[in-house]
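Worth saying up front: this structure is predicted, and the values here are computed from it rather than measured.
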Amino acid sequence: MDQFDVDFYQSDYIIDDTTPGFYEMGTHDENSRQRKNDFSQADILSATMHHTGVLYEPAYSPSFHPQHDQHNESFEDEPPLLEELGINFDHIWQKTLTVLNPWKPADGSILNETDLTGPLIFCFALGSMLLLAGKIHFGYVYTMSILGCLGIHALLNLMSITGVSYGCVASVLGYCLLPMVILSSCAVLFSLQGTIGTVLAAAVIGWCSFSASKMFISTLAMDGQQLLVAYPCALLYGLFALLTVF
C-alpha cells in the first residue's frame, strides 16, 4: 500500500502559469502606452516637418499668459459703468444751470439726450419736501409727471416737424421741476396760503414753464413758438404748485 501511494501521487504534470501577475500587467500596460505616445509624437513631428520643412519649437516665456493678457485688454476697452448707464454728471450740471438761469442759451445737443437721472432726483426731492411739510403726495407727483409727459409729448409731436421722443420730453420737464422743489422747501419754513405764497407760486410757475419752453424750442428748432409751448407747460406746473401751496 505504501508503494501504491507513492506511485499514485507522483506525477509528471507541471502547471505552466503563463498569466502575468498584477504588477506585471501594470508594467506591460505602461510600456504599451509609452510606446503609443512615442509613436504619436513621432508621427506629429514627421507630419510637421513634411508640411513646413522646419521643426517648430515654441518658446516659453514665464511672463506671457495669453488668456490673462486678453482678459486685461477686454477690461481696458470697456467704457466706465456710469457711461454705460447713461449717467453724465457734466451734462446733468449743465442742464441744471440752464434751468436755474432761464436766459442762458440752451445747448440742443445736450438737451436731446434721454437723461432721467436728474428728473428722478428732482421728483423725489419734491415729494420729500412735501413730506416734511406734512403732505404725503408721492403718488400724486409721479402720476401727474407721467400723465403730463404723455400730454406734452403728443402736443409737441403735432407741433414740430422732426418729432421728439418721450424720453427727451420727460428729461426736460423733470429738470424744469427744480424751481418747484425750491418752492416746496419754502413751504416747509412758512405757509404759502396767502398773498406771498400766491406770488411765489405764480413766479415759480412762470420760471418752470419759461425754462421748459426754451429747452423745447432749442431742441426741436421751433422758432417763434415759445409761447405756444409755454402755455401747456404752465398748466402742468400749475398742478404741482397747487399740491405745494394747498
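Side-chain contact between Phe138 and Tyr142 is present, with at least one heavy-atom pair separated by less than 4.5 Å. Side-chain contact between Phe124 and Leu120 is absent, with no heavy-atom pair separated by less than 4.5 Å. With a 4.5 Å cut-off on side-chain heavy atoms, Lys104 and Gln94 count as touching. Contact of the Pro119 side chain with the Leu177 side chain is not registered, since no non-hydrogen atoms from C-beta on lie closer than 4.5 Å. At least one side-chain heavy atom of Leu100 sits under 4.5 Å from a side-chain heavy atom of Leu178.
Leu126 contributes atom CG, which lies 5.0 Å from atom OG of Ser184 (distance to the nearest 0.5 angstrom). Atoms CD1 and OG, from Ile121 and Ser128 in turn, are 11.5 Å apart once rounded to the nearest 0.5 Å. In this structure, CD1 on Ile217 lies 8.5 Å from CE on Met222, to the nearest 0.5 angstrom.
Looking only at distances, no side-chain donor or acceptor of Asp115 sits under 3.5 Å from a matching main-chain atom of His91. Using modelled atom types, no side-chain atom of Ser171 and backbone atom of Cys168 make a donor-acceptor pair closer than 3.5 Å. With hydrogens and angles disregarded, no donor-acceptor distance shorter than 3.5 Å links the side chain of Lys95 to the backbone of Cys176.
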Query raised in the report: What do the steps show when you test Leu150 against Val169 for side chain to side chain contact (heavy atoms under 4.5 Å, CB included), and what is the final call?
Result: CA-CA 8 Å; Leu150 291 175; Val169 174; over 6 Å; no
Query raised in the report: Would Thr98 and Lys214 count as a side chain to side chain contact (heavy atoms under 4.5 Å, CB included) if you check the C-alpha gap in whole Å, the side-chain angles of each, and the deciding distance to 0.1 Å?
Result: CA-CA 10 Å; Thr98 303; Lys214 181 191 66 174; 3.6 Å; yes
Query raised in the report: Is there a side chain to side chain contact (heavy atoms under 4.5 Å, CB included) between Thr117 and Phe89 once you walk through the steps?
Result: CA-CA 9 Å; Thr117 304; Phe89 290 105; 6.0 Å; no
Query raised in the report: What do the steps show when you test Val164 against Thr219 for side chain to side chain contact (heavy atoms under 4.5 Å, CB included), and what is the final call?
Result: CA-CA 9 Å; Val164 63; Thr219 305; 5.6 Å; no
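Residues Phe190 and Met180 are members of one and the same hydrophobic cluster, defined by side-chain heavy-atom contacts under 4.5 angstrom among Ile, Leu, Val, Met, Phe, Trp and Tyr. Connection of Val181 to Phe210 is not established within any shared hydrophobic cluster, with ILVMFWY side chains joined at heavy-atom distances below 4.5 Å, either directly or through further cluster members. Residues Leu155 and Val172 share a single hydrophobic cluster, defined by chaining ILVMFWY side chains whose heavy atoms lie under 4.5 Å apart. Residues Met159 and Ile152 fall within the same hydrophobic cluster, defined by Ile, Leu, Val, Met, Phe, Trp and Tyr side chains chained together at heavy-atom separations under 4.5 Å.
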With a 3.5 Å cut-off and sequence neighbours excluded, list the donor-acceptor pairs that the side chains of residues 223-246 form with protein atoms.
from, atom 1, to, atom 2, distance (Å)
Gln226, NE2, Ser213, OG, 3.3
Tyr237, OH, Leu173, O, 2.9
Thr244, OG1, Phe240, O, 2.9

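The number of heavy-atom neighbours closer than 6.0 Å to OH of Tyr140, taken from other residues, nucleotides and ligands shown, is 12 or below. By the 6.0 Å contact criterion, CD1 on Ile136 is open, its count of non-hydrogen atoms from other residues, nucleotides or ligands being 12 or less. Within 6.0 Å of CG in Leu189 there are more than 12 heavy atoms belonging to other residues, nucleotides or ligands.
Considering every non-hydrogen atom in both Ile92 and Thr96, the closest pair reads O-OG1, 2.7 Å. Nearest approach of Val141 to Cys123, heavy atoms of both residues: CG1-O, 4.0 Å.
Using the six-membered ring where Trp is involved, His153 and Tyr166 have ring planes that are perpendicular, over 60° apart on the 30 and 60° scheme. Taking the six-membered ring where tryptophan is involved, the planes of Phe122 and Tyr175 are perpendicular, since the angle between them exceeds 60° and thus also 30°.
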